[in-house]
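Before any comments, here is the structure.
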Amino acid sequence: MPSSSKAAPSALAPIHIAAFREKLMAWYRLNARELPWRGIHDPYRTWVSEIMLQQTRVAAVIEHYHDFLSRFPSVTALAAAPESEVLAAWSGLGYYRRARMMHKAAQVIAEELQGALPESSTELRKLPGIGEYTCAAIASISFGESIAVVDGNVERVLLRVTGRPEEATAAGRDFVRQQAAALVPPRWVRGGTNAAGDHNQAMMELGATICLPRGPLCLQCPVFALCRTRGEHPTPPRSKQRSLPAAYLLSLRTRGKQTEVLMEQRPAHASLMAGMYELPPLPMDVVKELEPLLRLRHSITNTNYLVAVFAEADPKSYALRKAIPTRIEMLHWTPTGKLGELPLTGLARKVLRRLKVMGASARRKAEI
DNA sequence: GATCCGTGGTC
DNA sequence: TGACCAAGGAT
């Protein structure tokens with residue numbers, strides 16, 4: 001334990017830096033997960049993976065990564081696509097601003113940079129959606145630049161290893177940045193080995209698989225011997241969640257051979273999921289006596305929605321449809337086969353799949 | 001610097 | 001069930 005008020009020597013001693021790197025890399029070579037964006041040599045794909053991975057779990061990214069790339073195989077293809085298609089491919093990943101900004105950045109790259117990503121962190125940083133972490137990640141992984149990444153994993157690893165108490169201050173962040181910078185190896189790229197890029201990925205991998213937020217697996221940790229805390233690292237409490245009921249209408253009709261479903265577009269100026277499509281929301285008082293087709297939970301940031309989906313009890317009645325409070329211009333009958341092309345909210349996508357209105361592979365069918 | 005932006009798995 | 005979390009960025 002670092003204890004005491006006497007300037008605990010929290011920075012890693014220089015002698016330990018080489019040892020840390022070597023132990024980390026030896027571990028990484030044996031234990032790196034095989035991920036779709038590992039071992040590729042395509043800056044565009046690395047960029048896509050890094051944007052998708054922002055605040056998003058690996059499993060969720062894997063579900064979208066291949067589909068996104070088959071729809072938009074290159075920067076120029078992405079730049080040429082309508083925004084709604086980009087959002088449709090992003091549906092379910094959340095933080096839709098990421099998709100909008102990446103789309104804009106692709107247009108800048110296509111129009112001003114001859115379709116090639118900038119190769120330095122400084123130039124990458126100028127693109128929309130690419131911040132301090134992402135520019136360093138792409139520059140090191142794709143181009144071998146010796147620059148440290150600091151994400152949530154790296155921060156946790158370094159605070160634990162050095163024993164510095166967590167402080168949400170500029171000084172605390174500076175400390176972590178300096179430690180990370182001291183650890184990145186110099187540029188060295190030869191035949192499939194990229195010292196800085198591999199080191200950065202190894203740091204994140206250690207945080208993601210060993211130095212876990214709770215219950216770190218210290219006995220499996222390659223740098224256990226160098227660690228000051230052995231996993232002690234209290235984290236500040238978060239704001240607490242609330243639960244709210246929500247109701248939606250599932251309304252289907254037949255036109256010729258097609259089944260259509262009534263969808264509602266969210267306002268273009270909404271702060272949340274602007275312009276995306278969902279099932280029409282119903283006022284709670286309209287449905288309070290009714291039995292839903294489906295109940296499920298859906299959490300958005302700090303709110304846990306207790307969702308119920310209703311259909312007309314009598315198919316010839318329009319009682320629920322008439323109860324939709326939204327302006328009619330925002331409502332659209334959509335053939336079920338085209339749902340995959342629509343920028344659906346994650347909740348709408350989840351409900352439509354659960355009720356088999358939309359197949360899990362509807363997107364692929366729509367492509368053909 | 002604080003706040004906002006989504007989701008779904010896990011326990 | 002509620003709490004917690006995951007490779008941040010923009011404003």
Side-chain angles (χ1 to χ4, degrees), chain A residues 32-33 35-38 46-65 87 90-102 104-105 124-138 140-142 148-157 167-174 180 197 199-209 211-215 234-244 266 270-276 278 295-307 343-351 353-354:
Chain A
R33 290 169 293 178
L35 300 174
W37 46 88
R38 289 250 167 93
T46 298
W47 176 36
V48 171
S49 74
E50 289 300 339
I51 301 296
M52 285 189 173
L53 284 162
Q54 291 170 4
Q55 298 288 287
T56 305
R57 291 177 185 283
V58 165
V61 172
I62 290 175
E63 285 180 22
H64 289 79
Y65 179 74
L87 289 171
W90 207 267
S91 173
L93 269 180
Y95 288 127
Y96 298 98
R97 191 163 46 183
R98 292 181 294 175
R100 292 189 163 100
M101 290 189 296
M102 189 166 64
K104 281 188 191 138
L124 286 162
R125 180 72 179 79
K126 296 175 182 171
L127 294 167
I130 297 188
E132 188 176 344
Y133 161 79
T134 306
C135 74
I138 299 173
S140 64
I141 294 170
S142 284
V149 301
V150 179
D151 73 336
N153 288 312
V154 174
E155 180 178 51
R156 184 173 61 256
V157 167
E167 291 176 87
T169 62
R173 281 188 296 282
D174 268 353
H199 169 86
N200 281 335
Q201 293 192 75
M203 288 290 287
M204 295 189 281
E205 189 80 352
L206 185 66
T209 64
C211 196
L212 305 170
R214 255 169 301 182
T235 54
R238 308 188 146 218
S239 63
K240 103 175 199 191
Q241 285 201 162
R242 56 180 182 153
S243 289
L244 285 179
R266 299 173 56 81
S271 68
L272 207 61
M273 298 173 275
M276 298 184 71
E278 60 187 348
R295 290 183 202 277
L296 52 80
R297 297 194 305 164
H298 188 74
S299 54
I300 301 291
T301 57
N302 280 332
T303 306
N304 189 15
Y305 290 99
L306 307 171
V307 176
L344 301 176
T345 66
L347 173 57
R349 185 165 157 276
K350 185 158 75 174
V351 168
R353 285 186 174 182
R354 196 80 63 93

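In what follows, every chain begins at residue 1, and chains take the letters A, B, ... in the order their sequences are listed. Quantities reported herein were computed from a predicted structural model and do not represent experimental measurements.
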In whole angstrom, give the distance that lies between atom [atom1] of [X] and atom [atom2] of [N].
{"X": "A:E50", "N": "C:dG8", "atom1": "CD", "atom2": "C1'", "result": "11 Å"}
{"X": "A:M276", "N": "B:dG6", "atom1": "CE", "atom2": "C1'", "result": "10 Å"}
{"X": "A:H64", "N": "B:dG6", "atom1": "NE2", "atom2": "P", "result": "14 Å"}
{"X": "A:N304", "N": "C:dG2", "atom1": "CG", "atom2": "P", "result": "6 Å"}
{"X": "A:W90", "N": "C:dG8", "atom1": "CH2", "atom2": "P", "result": "13 Å"}
{"X": "A:R156", "N": "C:dC4", "atom1": "CZ", "atom2": "C1'", "result": "13 Å"}
{"X": "A:W37", "N": "C:dA6", "atom1": "CH2", "atom2": "C1'", "result": "12 Å"}
{"X": "A:L127", "N": "C:dG9", "atom1": "CG", "atom2": "P", "result": "12 Å"}

Enumerate the protein-to-nucleotides 7-11 of chain B contacts in which both atoms are nitrogen or oxygen and the separation is below 3.5 Å.
{"from": "B:dT7", "atom 1": "OP1", "to": "A:Y96", "atom 2": "OH", "distance (Å)": "2.9"}
{"from": "B:dT7", "atom 1": "OP1", "to": "A:G346", "atom 2": "N", "distance (Å)": "2.5"}
{"from": "B:dT7", "atom 1": "OP2", "to": "A:H298", "atom 2": "NE2", "distance (Å)": "3.3"}
{"from": "B:dT7", "atom 1": "O3'", "to": "A:G92", "atom 2": "O", "distance (Å)": "3.4"}
{"from": "B:dG8", "atom 1": "OP2", "to": "A:H298", "atom 2": "ND1", "distance (Å)": "3.4"}
{"from": "B:dG8", "atom 1": "OP2", "to": "A:K350", "atom 2": "NZ", "distance (Å)": "3.3"}
{"from": "B:dG8", "atom 1": "N7", "to": "A:S299", "atom 2": "OG", "distance (Å)": "3.0"}
{"from": "B:dG8", "atom 1": "N2", "to": "A:R57", "atom 2": "NE", "distance (Å)": "2.7"}
{"from": "B:dG8", "atom 1": "N2", "to": "A:R57", "atom 2": "NH2", "distance (Å)": "3.1"}

Closest approach to the side chain of [X], judged atom by atom: which nucleotide of [options] is it?
{"X": "A:Y95", "options": "C:dG9, C:dA10, B:dG6", "value": "B:dG6"}
{"X": "A:M101", "options": "B:dC5, C:dA10, B:dG1", "value": "C:dA10"}
{"X": "A:A170", "options": "B:dG1, C:dC5, C:dA6", "value": "B:dG1"}

Measure across A:Q201 and A:R38 and return the closest heavy-atom pair with its distance rounded to 0.1 Å.
-> OE1-NE, 3.0 Å
Would you check if the side chain of [X] reaches a backbone N or O of [Y] as a donor-acceptor pair within less than 3.5 Å?
{"X": "A:R297", "Y": "A:N304", "value": "no"}
{"X": "A:R266", "Y": "A:E278", "value": "no"}
{"X": "A:S91", "Y": "A:L344", "value": "yes"}
{"X": "A:H298", "Y": "A:A348", "value": "no"}

What's [X] touching, base or sugar-phosphate or nothing? Going by heavy atoms closer than 4.0 Å.
{"X": "A:L35", "value": "base"}
{"X": "A:R173", "value": "sugar-phosphate"}
{"X": "A:M52", "value": "nothing"}
{"X": "A:E132", "value": "sugar-phosphate"}
{"X": "A:R354", "value": "nothing"}
{"X": "A:R33", "value": "base"}

Please assess A:Q54 against A:Y133 for the test side-chain hydrogen bond (donor to acceptor under 3.5 Å, both in side chains), listing each intermediate value before the final yes or no.
-> CA-CA 9 Å; A:Q54 291 170 4; A:Y133 161 79; over 6 Å; no
Gap in Å between the two P atoms, one belonging to B:dG6 and one to C:dT11, rounded | 14 Å
5'-most by nearest nucleotide on DNA chain C - A:L306 or A:L53 =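 Here A:L306 is the residue nearer the 5' end.
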Roughly how far, to the nearest 0.5 Å, is the CZ atom of A:R97 from the NZ atom of A:K104?
->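 Result: 10.0 Å between the selected atoms.
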Hey, are A:R98 and A:T56 close enough side-chain-wise for a donor-acceptor pair under 3.5 Å?
-> yes
